[in-house]
2 protein chains.
Amino acid sequence: MTIRLHCFGESGHSYKAALALSMQGVDWTPEFIDFFNGETRSDAYRRDVNAMGEAPVLVDGDTHLTQSAVIQAYLSDRTGRFGGASLEEAREILRWQFWDNHKLSSQAGMLRFLMNFLPEEKRPTAVIDFTANRLRSAYAVLDAHLDGRDWIVGDALTNADLTCCGYLYYPEPFGFVRADWPHIDAWLARLSEQPGWAHPYDLMPRAFPPNAPTKEAT
Amino acid sequence: MTIRLHCFGESGHSYKAALALSMQGVDWTPEFIDFFNGETRSDAYRRDVNAMGEAPVLVDGDTHLTQSAVIQAYLSDRTGRFGGASLEEAREILRWQFWDNHKLSSQAGMLRFLMNFLPEEKRPTAVIDFTANRLRSAYAVLDAHLDGRDWIVGDALTNADLTCCGYLYYPEPFGFVRADWPHIDAWLARLSEQPGWAHPYDLMPRAFPPNAPTKEAT
C-alpha cells in the first residue's frame, strides 16, 4: 500500500518527512492540507487526522504517525538508513532533532509565517525582531558545529540533517541568508546533491495564497 | 559512579531530567549552573559542557548527554521504566516529547523568563502577549488529551508525563493557571503523588537572583 503524507508545501516540518520519504526511495503520495484556509484548525482535522492540529501526518495502513522526527525514525526502522551507525549516533541524532524543534525549525517556521503569510498590516514587528535575534544564535550553533564536518552526526547523512534543513531551502525572506553562514551553506549544497533530494515546492503541493485553486482542484 | 546533572532550579528542561533521575531512584547529584550570571553563554561552558549552550547535561562516566528527552531515554534503557509498554507507545512518547519541545515547554520557559527574570523595564510586552496566546492553544491540546486519561501515553506513567510537566509546577506567573485546565490540574496532582516525585526547587539549586550566594558558595 502506498504511504500517504498529509502535508503542504510551505510547511518545513512536512518537508522533513517528505524529504526522508523521497531520499529513502519509498513509494508515497502527498495528501494536500489546505492550511491557509484553516484546515488544521478545523474540528474534522483534529478529530480524524491529528488532535495536535499540526502537519505532517503519515498514514501507512493502520499506522498513523505525527511529528516529523517520529516519522523519520519509523522509516529508518524499515530501511536501516539515516538512523546512525551506532546507539551513540542514534542518541546524537535525537539530540539535534530536539534542538531543531526547540531552537531552529520552530522559530524559523513561525518567523517565516509572520513575515510572509500574514497581511502586511498584521505583522507583529516586535515579535519578528525578537525571534529573528534568537534565530541568529541558532544559526551560529549549527554553523560552528558544521565547521570541519560534512554531516551533523558521524560520517554520513542522517535524519539529523533531514531535520535541521527543514526551513533552510525556502526562498521567502525570514532573516536567514546562506552566505552569512558558510558552513551551513556548504552543507545545504552537499545535501541537495544527494540522490532523492528535492526542493520542498517540488515535493509537496503549495497552499499559499489561500482561496487559490490547488494542485488537486486544477 | 554517581551520575552528575548540570542543571539549575529555574530550568524546566533541567527539571525533566532531574525528575526522571529522582523517580527512577538513580543515585545522582546536581552540578550547579550559574545561569543568571551567564555561565551557559561562556566559552568554557560551550567548549567543555555543551556546544548548544543549554541545560541540562548528564555526565555518567564517559557518557555525556544533552537534551532532556535523550537523557530520559538513556535512563529508561538502563532500567526498563517509563519508556512505554510497546514500540507503538515508545513512538507516542516521542511524539509528545517533540510536541512539548515545540509548543509547550519551549514557549512556557521563554515566557516565564521574560515575565519574571528580566528587569521590569526590559520586558517585551508584545512578545509576552503573543507567546501567552500561543501557549493557550498548547494547554488546550494537552487538557483535551488528558480528559478521561490518567497518563499521557497508555495506562502508566511514562517519559511523556515527565516531559510535559516540565514548567507546570513552578510558582512564578506566566499565564498558566491550573484551575483553568481541570484535566491538566488532576494529572499534575496525580503525578506529584508518585514515588520519587519532588518539586523542581527541592531537586536542584536555584540560580536566581543573579550575584546572590549560591548553595555551593554558602
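Atom set for the values below is all heavy atoms of this structure, side chains included, hydrogens, waters and symmetry mates excluded. Proteins get letters first, then strands, A, B, ... in listed order; numbering begins at 1 in each.
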Parallel, tilted or perpendicular, as decided by the 30° and 60° cut-offs, for the rings of His102(B) and His13(A):
tilted
Measure the spacing between CD of Gln67(B) and CZ of Arg91(A) and express it to the nearest 0.5 Å.
14.5 Å
Rounded distance [0.5 Å steps], OG1 in Thr66(A) versus CD in Glu92(B):
7.5 Å
Can you find a pair of side-chain heavy atoms, one from Leu94(A) and one from Phe98(B), that are under 4.5 Å apart?
yes
Heavy-atom proximity to chain B below 4.5 Å, by part of Val141(A):
side chain
Considering only heavy atoms from C-beta outward, does the side chain of Phe130(A) approach that of Thr131(B) to under 4.5 Å?
no
Is Ile93(A) in contact with chain B via its backbone, its side chain, both, or neither, using a 4.5 Å heavy-atom distance?
neither
Do other residues, nucleotides or ligands put more than 12 heavy atoms under 6.0 Å from the CZ atom of Arg41(B)?
no
Would you call Lys103(A) and Glu54(B) a side-chain contact if the rule is heavy atoms closer than 4.5 Å?
yes
Select one option (side chain, backbone, both, neither) describing which atoms of Leu65(A) are under 4.5 Å from chain B's heavy atoms.
side chain
Please classify the contact between Ile128(B) and chain A as side chain, backbone, both or neither, with a heavy-atom cut-off of under 4.5 Å.
neither
With side chains defined as the heavy atoms from C-beta onward, is the minimum distance between Arg95(B) and Asn50(A) less than 4.5 Å?
yes
Report which part of Asp77(A) has an atom under 4.5 Å of a heavy atom belonging to chain B: side chain, backbone, both, or neither.
side chain
Check the surroundings of atom CD in Glu121(A): do more than 12 heavy atoms from other residues, nucleotides or ligands lie under 6.0 Å from it?
yes
